[in-house]
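Below is one structure, written out as structure tokens, with a few remarks after it.
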Amino acid sequence: MEAIRKQATKLREQVARQQQAVLRQFGGGGYGGSDTVITDEEELHRHQKLEKLYISTRSAKHFQRDIVRGVEGYIVTGSKQVEIGTKLCEDSRKYGSENTCTSGDTLTKASLSFANARAQMEKERGNLLKSLGTQVAEPLRAMVMGAPLEDARHLAQRYDRMRQEAEAQTIEVSKRQAKVRENPGNPDLVMKLESAEAKLQDLKSNMTILGKEAASAMAAVEDQQQNQTLQRLITLVEAERSYHQRILEIIERLEGEMRYEQQRIEAPQTPQVENITSSPPPSYEEISNEVNASEMHNGTSDAMGYFLGEVMFPYQADSNFELSLSVGDYVVIREVTSSGWAEGECKGKAGWFPYDYIERRDRVLATKVIEVF
């Protein structure tokens with residue numbers, strides 16, 4: 001249809017030019033002349049501008065419709081993903097709450113962390129879909145179906161029909177002029193010619209007014225389409241960028257929590273405390289005497305097999321037989337096993353902990369020794 005429309009427009013312009021040439025050639029008498037020809041430069045320029053505006057606004061309308069369809073499809077697919085992700089979140093939380101494992105709770109904690117993170121991610125996805133619907137799809141759909149575009153197109157179509165009428169009236173005037181030249185003294189023919197010319201002038205005047213109005217309306221619609229469509233695309237990109245940034249933060253935090261649980265699984269198992277016989281922790285006087293004696297003799301605190309260690313990494317006890325540690329604490333270490341675990345006392349509590357978390361300290365202040373107990 002568009003190809004046919006363009007071809008018809010070109011044919012009309014070609015015929016109008018031929019008419020203009022014929023009228024200029026034979027319009028030397030008392031009637032006719034260049035003022036009876038509607039295809040002057042100004043009108044032709046206006047007509048071509050309206051053609052370009054019509055094509056531009058139609059293409060932008062189709063693009064807006066494509067964006068709306070794409071966003072609506074994304075919302076439908078995303079809603080299904082939210083549904084699937086929510087179900088996965090519920091299943092993970094259910095497993096973590098039941099805690100059926102008999103050998104530890106590492107996977108339980110990881111599944112609960114995963115469920116919480118997945119719930120946050122699906123909430124963010126839902127917010128994104130809602131934002132795309134209200135801030136992108138709905139405004140563009142309103143523009144596609146809006147009155148300004150339809151009104152401007154109707155004006156352009158009315159102008160096109162009036163232009164065709166003016167072209168037909170121009171041909172009628174040229175015929176009347178030819179008859180008058182053939183019969184110069186016939187008053188009836190002169191009267192009909194004058195009537196045809198008056199009608200042509202009215203058509204030209206109305207066509208000029210309508211053409212200017214249609215061009216102004218179409219230009220305003222084109223400007224609105226360009227600006228609003230660009231703004232909706234920017235809104236879409238900003239919404240997706242913000243969504244992916246928040247999702248990345250959630251995933252990074254989740255990965256850290258799950259890596260921590262993985263390290264706990266891969267760490268050496270706690271020694272069997274039933275097979276270990278440990279002596280009671282030494283008293284403050286014994287530790288003080290051992291530290292002072294070691295400093296006077298060889299600068300070490302190895303007396304009686306006990307020594308002090310400073311906590312370099314935090315450790316959270318998993319059972320009543322383990323000892324929780326904080327960075328900076330000092331521990332009286334009484335035994336170190338070949339599996340990498342140590343037994344000692346800190347702040348009045350005794351238990352097992354990974355020896356790699358401790359760094360031996362041969363010289364410490366007396367205040368630090370007191371803090372141990």
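Hydrogens, waters and symmetry mates are skipped; everything else that's a heavy atom, side chains included, is used. What you see is a predicted model; the values in this text were computed from it and never measured.
Using a 4.5 Å cut-off on side-chain heavy atoms (C-beta onward), Arg69 and Arg65 make contact. Residues Val331 and Phe353 are in side-chain contact: their nearest non-hydrogen atoms beyond the backbone lie under 4.5 Å apart. At a threshold of 4.5 Å between non-hydrogen side-chain atoms, the residues Ile55 and Arg58 count as touching. When side chains are defined from C-beta on, Tyr159 counts as touching His47, because their heavy atoms get closer than 4.5 Å. The shortest side-chain heavy-atom distance between Lys179 and Lys192 does not fall under the 4.5 Å cut-off. A heavy-atom distance below 4.5 Å is found between the side chains of Lys204 and Gln201. A 4.5 Å side-chain heavy-atom check between Met143 and Leu149 finds every atom pair outside the cut-off. Residues Leu129 and Ser79 meet the side-chain proximity criterion, which asks for heavy atoms closer than 4.5 Å.
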Query raised in the report: How far apart are the C-alpha atoms of Val190 and Asn186, what are their side-chain angles, what is the distance that settles it, and do they pass the side chain to side chain contact (heavy atoms under 4.5 Å, CB included) test?
Result: CA-CA 7 Å; Val190 172; Asn186 191 329; 5.9 Å; no

Report task. Take Arg361 and Tyr330, measure what side chain to side chain donor-acceptor pair (under 3.5 Å) needs, and give me the verdict at the end. Result -> CA-CA 9 Å; Arg361 292 287 184 263; Tyr330 282 85; 4.6 Å; no

Query raised in the report: Stepwise, does the side chain to side chain contact (heavy atoms under 4.5 Å, CB included) test hold for Met312 with Val327?
Result: CA-CA 5 Å; Met312 307 306 295; Val327 176; over 6 Å; no

Report task. Walk me through it: do Val332 and Phe307 pass the test side chain to side chain contact (heavy atoms under 4.5 Å, CB included)? Result -> CA-CA 6 Å; Val332 175; Phe307 61 91; over 6 Å; no

Requested in this report: Output, in order, the C-alpha distance, side-chain angles, deciding distance and verdict of salt bridge (Lys or Arg N to Asp or Glu O under 4.0 Å) for Lys61 and Glu150.
Outcome: CA-CA 11 Å; Lys61 176 182 178 180; Glu150 294 302 319; 3.5 Å; yes

Report task. Check the pair Leu323 / Lys349 against side chain to side chain contact (heavy atoms under 4.5 Å, CB included), numbers first and verdict last. Result -> CA-CA 7 Å; Leu323 180 64; Lys349 295 181 180 180; 3.8 Å; yes

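Cluster annotation: Leu233 and Leu140 are assigned to the same hydrophobic cluster (Ile/Leu/Val/Met/Phe/Trp/Tyr, side-chain heavy-atom contacts under 4.5 Å, transitive). Both Val68 and Phe63 are assigned to one and the same hydrophobic cluster, defined by single-linkage of ILVMFWY side chains at heavy-atom distances under 4.5 Å. Hydrophobic clustering (ILVMFWY, side-chain heavy atoms < 4.5 Å, transitive): Phe313 and Tyr355 are in one cluster. When hydrophobic clusters are built by joining Ile, Leu, Val, Met, Phe, Trp and Tyr residues whose side-chain heavy atoms come closer than 4.5 Å, directly or via intermediates, Val144 is not grouped with Tyr74.
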Distance-only check: which donor-acceptor pairs under 3.5 Å involve side-chain atoms of residues 250-258, not counting sequence neighbours?
from   : atom 1 : to     : atom 2 : distance (Å)
Arg253 : NH2    : Gln120 : OE1    : 3.0
Glu257 : OE1    : Ser113 : OG     : 3.1

Identify each donor-acceptor pair in which a side-chain atom of residues 235-245 lies under 3.5 Å from a protein atom, sequence neighbours left out, and give them as a table.
from   : atom 1 : to     : atom 2 : distance (Å)
Thr235 : OG1    : Gln231 : O      : 2.9
Ser242 : OG     : Arg246 : NH1    : 2.6
Ser242 : OG     : Arg246 : NH2    : 3.3

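With rounding to the nearest 0.5 angstrom, the CZ atom of Arg118 is 10.5 Å from the CD1 atom of Ile84. Atom OG of Ser131 sits about 11.5 Å away from atom CD of Glu124, to the nearest 0.5 Å. We find the CE-CD distance between Met218 and Glu51 to be 9.5 Å, quoted to the nearest 0.5 Å. Taken to the nearest 0.5 Å, the CG atom of Leu193 stands 11.5 Å off from the CG atom of Asp188. A distance of 11.0 Å separates CG of Leu248 from CE of Met121, quoted to the nearest 0.5 Å. Rounding to the nearest 0.5 Å gives a distance of 12.5 Å between NZ of Lys212 and CG of Leu50.
Val82 approaches Gly126 most closely through the heavy-atom pair CG2-N, 4.3 Å. Of all non-hydrogen atoms in Ala119 and Arg93, the two that sit nearest each other are CB-NH2, 4.3 Å. Contact between Tyr306 and Arg334 at its shortest, heavy atoms only, is CE2-CG, 2.8 Å. Taking every heavy atom of both residues into account, Ala166 and Met207 meet most closely at CB-SD, 4.2 Å. Arg46 and Gly211 get closest at one heavy-atom pair: CD-C, 3.4 Å. A pairwise comparison of heavy atoms in Ile75 and Leu132 identifies CD1-C, 4.4 Å as the closest pair.
With a 6.0 Å radius and a threshold of 12 heavy atoms from other residues, nucleotides or ligands, Arg158 has its CZ atom at or below the threshold.
A donor-acceptor distance shorter than 3.5 angstrom exists from the side chain of Thr229 to the backbone of Gln225, with no hydrogens or angles considered. Between the side chain of Asn116 and the backbone N or O of Leu112, at least one donor-acceptor pair lies under 3.5 Å. A donor-acceptor pair under 3.5 Å is absent between the side-chain atoms of Asp223 and the main chain of Ala219, judged by distance alone. Side-chain N or O atoms of Ser324 include one that pairs as donor or acceptor with a backbone N or O of Ala317 at under 3.5 Å. When atom types are taken as modelled, the side chain of Arg232 and the backbone of Gln135 share a donor-acceptor pair closer than 3.5 angstrom. At least one donor-acceptor pair under 3.5 Å links the side chain of Ser92 to the backbone N or O of Leu88. A donor-acceptor pair is defined here as one N or O able to donate and one able to accept, closer than 3.5 Å; no such pair exists between the side chain of Ser195 and the backbone of Met191. Formation of a donor-acceptor pair under 3.5 Å by the Ser216 side chain with backbone atoms of Glu213 is not found in this model. With hydrogens and angles ignored, the 3.5 Å screen pairs no side-chain donor or acceptor of Glu345 with any backbone N or O of Gly351. Judged purely by atom type and a 3.5 angstrom limit, Ser56 has no side-chain atom pairing as donor or acceptor with the backbone of Leu53.
Salt-bridge annotation for Arg125 and Glu122: present, with a side-chain N of the basic residue lying under 4.0 Å from a carboxylate O of the acidic one. Ion pairing between a basic and an acidic side chain is recognised when a charged N comes within 4.0 Å of a carboxylate O; Arg176 and Glu172 show such pairing. Under a 4.0 Å N-O distance rule, the pair Arg163/Glu167 qualifies as a salt bridge.
The aromatic ring centroids of Tyr357 and Tyr315 lie less than 6.0 Å from each other.
Within the structure, every pair that satisfies the salt bridge (charged side-chain N to carboxylate O under 4.0 Å, His left out) test and touches residues 323-333, not counting sequence neighbours, is listed here: Asp329-Lys347.
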